[in-house]
Number of protein chains: 4
Amino acid sequence: MMTYESITRKRIETNRRILDAAKDVFAESGFAGARIDEIALRAGVNKATIYYHIGNKKTLYTETIHGVLEKTVEKIALAIGKSSTPEEKLCCYIRTIARTIDDNPQMAPIILREMASGTHHIPDIIPMDMVQIIGMLSEILEEGVQKGVFVNTMPAIVHLMIIGSLLFYKAGENIRRQHRELSLAFNESDSENPSKFISGVEKLIIRAVAGHSEFSRRGSPSEQNGAEE
Amino acid sequence: MMTYESITRKRIETNRRILDAAKDVFAESGFAGARIDEIALRAGVNKATIYYHIGNKKTLYTETIHGVLEKTVEKIALAIGKSSTPEEKLCCYIRTIARTIDDNPQMAPIILREMASGTHHIPDIIPMDMVQIIGMLSEILEEGVQKGVFVNTMPAIVHLMIIGSLLFYKAGENIRRQHRELSLAFNESDSENPSKFISGVEKLIIRAVAGHSEFSRRGSPSEQNGAEE
Amino acid sequence: MMTYESITRKRIETNRRILDAAKDVFAESGFAGARIDEIALRAGVNKATIYYHIGNKKTLYTETIHGVLEKTVEKIALAIGKSSTPEEKLCCYIRTIARTIDDNPQMAPIILREMASGTHHIPDIIPMDMVQIIGMLSEILEEGVQKGVFVNTMPAIVHLMIIGSLLFYKAGENIRRQHRELSLAFNESDSENPSKFISGVEKLIIRAVAGHSEFSRRGSPSEQNGAEE
Amino acid sequence: MMTYESITRKRIETNRRILDAAKDVFAESGFAGARIDEIALRAGVNKATIYYHIGNKKTLYTETIHGVLEKTVEKIALAIGKSSTPEEKLCCYIRTIARTIDDNPQMAPIILREMASGTHHIPDIIPMDMVQIIGMLSEILEEGVQKGVFVNTMPAIVHLMIIGSLLFYKAGENIRRQHRELSLAFNESDSENPSKFISGVEKLIIRAVAGHSEFSRRGSPSEQNGAEE
DNA sequence: AATGAATGAGAATTCATTCAT
DNA sequence: TATGAATGAATTCTCATTCAT
């Protein structure tokens, strides 16, 4: 006879396996391309069990994505809290996002597709998660500007540069694995090392936002309506 | 009697309408989510006509994407050719990509999803197109390094930063339109102006790669194994 | 609770109904002409149920045909086993095939079409079934020759004569039903009686292969209502 | 400028090519399995040309089959006319049918399928052709009975034996080519030689219908390379 | 006389979801 | 709680046939 607790534990365990499998399949194939059959197969449960536990495909998708983003938000907040200077915080921000993306290979494709679809007709939770992540960067940059260590940039640009380069880098792994030519174009020998890539991003971003370069006073060589000052 | 020519013209015209409609639908819904019915409807042709002209969904997808990328490659090459200094070329590169992305609202979601899927099992043409685009940037950066105006960066990072921020910005338009909160997080008043955003990217990228800033000698505050020098 | 067993029984029952319906429809229309919709309708199941149980049209076809031939092989083997002399075995062989063809009105058209198509690209099971049937006749004829009661004939010819006449006779029923003229050409009054036809075939085949001219005057060892005199 | 005659000639030529291609394709795939596209391709004409010349698929099928059978009727009648005794006529009948079947590899599959389908919903011409062929045999057998050289058999049986064995033998060529096992079951070394097979059929049929047992020892009146002894 | 383009009416197959146990 | 069976509603793709030239 099962105790109440063991039943509950089993239920949680089944739920986890379903969401894990869903994460993989949605990452590989997107919402429309994912098959409930495939998710059930990988979760090792019957297809009907998914409906019993979750409800329907859309709900499954939402819960899956939210589960991924939620954890990321927590991790970044934690990491930033440990740093003191804006530069350190910025690096922490980049590195934590990078680590999370690297540890969760499903994140990159999922977010890329979410962006592509304009978060189609999915509940607000997912965009809300994204808002939080951007918000944390804005605070860091603002603090940097106030302390005089960062130039006054549009947080959106910086954020998109960071997220864009990291996500694309990660998503590109699969492509590079399949297409030798792309690897060569990327000069794989250098950039194939993830941590080297990440610190490269950190450095470039810091260079871009740091307050003391002479160049920033000269401005872009062509157009003068920049975002600066 | 100009039968032959008029037949050819008819075929080309129908083909164009199919590919145009396909571009829109694939951009909105991705490969798996797109419906041939919908494409036929928007193209104003019978569903079977698509099969008569193209063959099947996969081929239609490939031809559509290739059509989009091919033009981009041409435009960038043309724009770069008109510039002389590496800085100018880099700005041209960024601006041309930005313009193309802006003029072809289907590009951003399509490329984002292509990246996400790891170019699943699609013919090599599409990755080949991407290789060309990256290749052009690498040349610009190399020239800049040789002329002493750029620091020695990994082209991959720079490329991903540029492409990433531009694509995400564009793709984000749809999201921002739907989700007020995200707009605020992005401080829409500034960044909603595309040309302001683009020049912001240019400036940051130039700051990041430019050779003469003192900051670049100090490096990132945390790790020292950068990509530089 | 007999859940497991009742589920199994349900599956078997559904399977049987599908295969039965398929047998009819394939017999009437052949592989290309048969419609899955029609089979589902006659089986009283949803079209998708066929795919759930069987897989696809080709597999359904193969399983259907194999099911028909397999039973025939068993029946013939059983019938021959009960006889002792080669003449008896030969008559048993003919009569069992005839009965099977008569009881399974789907067999004649199915085999005819299989022959016509050269067993197109269907798994080896079907030709293998046919091989077994021919093999049994060869053994009978060989035994007859060794015992001196049969002349040395090519089994292939004898087999084709038997199978050919029986299948054509059966298949012809449909035609004769539709076309009065053919009935007259066949002198229906005599040959419309199947058992008369079958014993006629037996007698002629025995006459053709019998080694002693006396035998041919005695007639078939089992039934006496031959076609002769 | 084309003369009236050359236009007519061209039309006839096109018609012939269409019917020839149709014969092949219908033989290979049956009515339902045949594709107008494929016929047009093999005929070297545009698909629409077939509709312009013939009308529709059913008409094309009917004309094709009728063309095949019509010629056969003529040939058999001619051959029989040259013989005098019933035995000779019977052998001629068999041999002419065999030759026609052998020379027109499309006949066997086409007739087999026609039999299988019960001549579905096709105009009466085709069954009429068949009636004529059977009629000729009946006359031969009747004459033989009256002259005391044949026993009184059912013409239907004899006819089905002849047609059945010959058609199956021919149709079997394709199968035997594909399936080694069937070849062995047929003891190919003997029966692979068509003329040997045909004379074997003649001999067995004669043995089966011949009135005097002596005749059966003399063998077929024409060829001596039988299958016996 | 002939043909490339186009299409309507299917046909096979898929898939999220529900049902019965 | 969990599942094998079943299904309705698409969805991709096919094919005989027609149209315009």
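Below, each value reflects all heavy atoms present in this structure, side chains not excepted, and no hydrogens, waters or symmetry copies. The sequence lines fix the lettering, A, B, ..., with proteins before strands; numbering per chain opens at 1. Computed from a predicted structure; not experimentally measured.
- Residue C/K57 has a polar side-chain atom (N or O) positioned under 4.0 Å from OP1 or OP2 of E/dA12.
- An OP1 or OP2 oxygen of F/dA6 is reached within less than 4.0 angstrom by a side-chain nitrogen or oxygen of C/H53.
- Take the nearest nucleotide of DNA chain F for C/T49 and for B/A48: the residue whose nucleotide is more 5' is C/T49.
- Side-chain N/O atoms of B/R35 include one lying less than 4.0 angstrom from OP1 or OP2 on F/dT12.
- A salt bridge links B/E13 with B/R16: at least one charged nitrogen is closer than 4.0 Å to a carboxylate oxygen.
- In this structure, the CG atom of B/N15 is 13 Å from the C1' atom of E/dA6, given to the nearest Å.
- Ion pair A/E63/A/K23 not flagged as a salt bridge, since none of the NZ, NE, NH1 or NH2 atoms sits closer than 4.0 Å to an Asp/Glu carboxylate oxygen.
- In this entry the distance linking CZ of C/R11 with P of E/dC19 reads 21 Å, nearest Å.
- Smallest separation of non-hydrogen atoms from D/V25 and D/A34: CG1-CB, 3.7 Å.
- Nucleic acid contact class of D/N56 (heavy atoms, under 4.0 Å, all strands): sugar-phosphate only.
- Nearest-nucleotide positions on DNA chain F place C/G44 closer to the 5' end than the other of C/G44 and B/D37.
- For F/dA2, the OP1/OP2 oxygens have no side-chain nitrogen or oxygen of A/Y52 closer than 4.0 Å.
- A salt bridge links B/R42 with B/E28: the distance from a Lys NZ or Arg NE/NH1/NH2 to an Asp or Glu carboxylate oxygen falls below 4.0 Å.
- Here the OH atom belonging to A/Y51 is positioned 11.5 Å from the CD1 atom belonging to A/I18, to the nearest 0.5 angstrom.
- Atom CZ of C/R9 and atom P of F/dG4 are 18 Å apart (whole Å).
- Regarding D/I54, its CD1 atom lies at a distance of 17 Å from the C1' atom of F/dT18, rounded to whole Å.
- Here B/A34 lies in heavy-atom contact (under 4.0 Å) with sugar-phosphate atoms only.
- Between the side chain of D/K47 and the base of F/dT17 there is at least one donor-acceptor pair of N/O atoms closer than 3.5 Å.
- One atom, CZ of B/R16, and another, P of E/dA5, lie 17 Å apart when rounded to the nearest Å.
- The strand DNA chain F forms stems, runs of 3 or more Watson-Crick or G-U wobble pairs with distances below 3.5 Å, at E:2-21 with F:2-21.
- Each of B/I50 and C/G55 was assigned the nucleotide of DNA chain E with the nearest heavy atom; the assignment lying further toward the 5' end belongs to B/I50.
- Using a 4.0 Å heavy-atom criterion, one finds that C/A32 contacts no nucleic acid atom at all.
- Rounded to an integer number of Å, the gap from D/E38 CD to F/dT14 P is 14 Å.
- Counting to the nearest Å, the P atom of F/dA5 and the OH atom of C/Y51 are 19 Å from each other.
- Across the protein-nucleic acid pair, B/R17 atom CZ and E/dA6 atom C1' stand 12 Å apart, rounded to whole Å.
- Between C/P109 and C/A27 the shortest heavy-atom distance is CB-O, 3.4 Å.
- The line from OG1 of B/T59 to CD1 of B/I54 is 8.0 Å long, rounded to the nearest 0.5 Å.
- Distances shown here put a side-chain N or O of B/N46 below 4.0 Å from the OP1 or OP2 atom of E/dG8.
- Side-chain contact, B/N46 with B/T49: no donor N or O sits under 3.5 Å from an acceptor N or O.
- Within the structure, a side-chain polar atom (N or O) of B/T14 is placed less than 4.0 Å from OP1 or OP2 of E/dA6.
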